Amino acid sequence: MPEARSPVPDEHWPAYYAVTVGRPAWGTTIDAAERFAAADGPGAPPRLAVDLGCGAGRDSRELLSRGWRVLAVDLEASAIDALEAATPEQDRERLQGLVADLAGFEVPACDLAIASVSLQLLSEDDYTAVLRRVTAALRPGGRFAGLLYGDRDESAGEPGVTCLSPGAVRGLLADYEIESWFEREEDGRTALGDPHHVHLIEVVARRR
Ligand SMILES: C[S@@+](CC[C@H](N)C(=O)[O-])C[C@H]1O[C@@H](n2cnc3c(N)ncnc32)[C@H](O)[C@@H]1O
């Protein structure tokens, strides 16, 4: 079931991380990882992913389990704590957790950038600036895997939430080949069980 949220008090996040820490990675992250695996032979050096707004790290831990190096970034220290606590010992040396605001985060050169239900929490200016920095940071053939709030989401128009139209998202990804695009719109629930009309854009795109 898709997960969405509106801005709520800070105590929201520990509850969110407790619920999501055991959940599987999003399909977009798995899709992107499998596309890299199909091109990389066995024994290829580990690739680097940056998880933007990692939360409890469902995507980060999936990539770590596949041998990736991961830089996991979140504004909340409790997110990084939850991710590190849930990361198996054998994967920890390939994980770097970072408490930082995406609004000012300089994305390092990487193979994959993930943003799973996180960019909507930025202002539109910061959202587009983050994607510009991702585009500049991706190595040739690098990918962006995103779960992005669409403009028919129930949160659209709420203060502090940025929900872009599919056309606007495609515009921001003009320097990419779209490899997978799926729009999910339904009456669902948030991770914490509240009813929510969800409009999510699930995209995997390869930097040209
Ligand atoms: C809905 S959660 C999604 C977490 C994770 N990607 C997942 O799919 O489970 C959004 C995350 O974005 C983080 N976040 C929100 N604004 C942020 C910002 N300005 N900089 C960094 N992280 C931010 C929140 O702390 C939260 O962990």
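Numbering starts at 1 and runs along the sequence shown. Since this is a predicted model, take the numbers as computed values, not measurements. Order of listing sets the numbers, starting from 1, for every ligand and every atom in it.
- For ligand 1, the polar-atom distance check against E76 finds no nitrogen or oxygen pair separated by under 3.5 Å.
- Against a heavy-atom cut-off of under 4.0 Å, A100 is close to the following atoms of ligand 1: 20 (N), 21 (C).
- Side-chain polar atoms of E185 and H197 form a donor-acceptor pair below 3.5 angstrom.
- Less than 4.0 angstrom separates some heavy atom of S118 from each of these atoms of ligand 1: 12 (O).
- Of all the atoms in ligand 1, the ones that sit under 4.0 Å from a non-hydrogen atom of S116 are 3 (C), 5 (C), 6 (N), 8 (O).
- For ligand 1, the polar-atom distance check finds no N/O of Q120 at less than 3.5 Å from any of the ligand's N/O atoms.
- Once rounded to the nearest 0.5 Å, the distance linking CG of D126 with CZ of R132 reads 10.0 Å.
- Atoms of ligand 1 lying under 4.0 Å from at least one heavy atom of Y17, given by number and element, are 24 (C), 25 (O), 26 (C), 27 (O).
- For the pair R94 and W68, the cation does not sit on the ring face, since its NZ or CZ is not both under 6.0 Å from the ring centre and inside 45° of the axis.
- The option with the heavy atom closest to atom 18 (C) of ligand 1, from among D101, V117, V19, is D101.
- The shell of residues lying under 4.0 angstrom from ligand 1, judged by heavy atoms, excludes F105.
- A cation-pi arrangement, defined by a distance under 6.0 Å to the six-membered ring centre and an angle within 45 degrees of its axis, is absent between R133 and F105.
- Within ligand 1, counting atoms from 1 as listed, the ones closer than 4.0 Å to a heavy atom of L102 are 18 (C), 19 (N), 20 (N), 21 (C).
- Listed by number with element, the atoms of ligand 1 under 4.0 angstrom from any heavy atom of L121 are 10 (C), 15 (C), 16 (N).
- Here's the thing with G53: one of its N/O atoms is less than 3.5 angstrom from an N/O atom of ligand 1.
- Under a 4.0 Å criterion applied to the non-hydrogen atoms of C54, ligand 1 contributes the atoms 4 (C), 5 (C), 6 (N).
- Remark: the D59 side chain and the S116 side chain contain an N/O donor-acceptor pair separated by less than 3.5 Å.
- Relative ring orientation between W13 and Y17 is described as parallel, the plane-to-plane angle staying below 30° on a 0-90° scale split at 30° and 60°.
- Side-chain atoms of D153 and S155 form a donor-acceptor pair, as typed in the model, at a separation below 3.5 Å.
- V130 and L121 fall into different hydrophobic clusters, where Ile, Leu, Val, Met, Phe, Trp and Tyr are joined by side-chain heavy atoms under 4.5 Å apart, directly or via other members.
- Residues E62 and R58 are not paired through a salt bridge, judged by the lack of any N-O separation under 4.0 Å between the basic side chain and the carboxylate.
- At least one N or O atom of L75 sits closer than 3.5 Å to an N or O atom of ligand 1.
- Contact annotation: for D51 versus ligand 1, there are no heavy atoms closer than 4.0 Å.
- Here the side chain of R61 pairs a donor or acceptor atom with the backbone of V21 at under 3.5 angstrom.
- Polar contact check, W26 against ligand 1: a nitrogen or oxygen pair lies under 3.5 Å apart.
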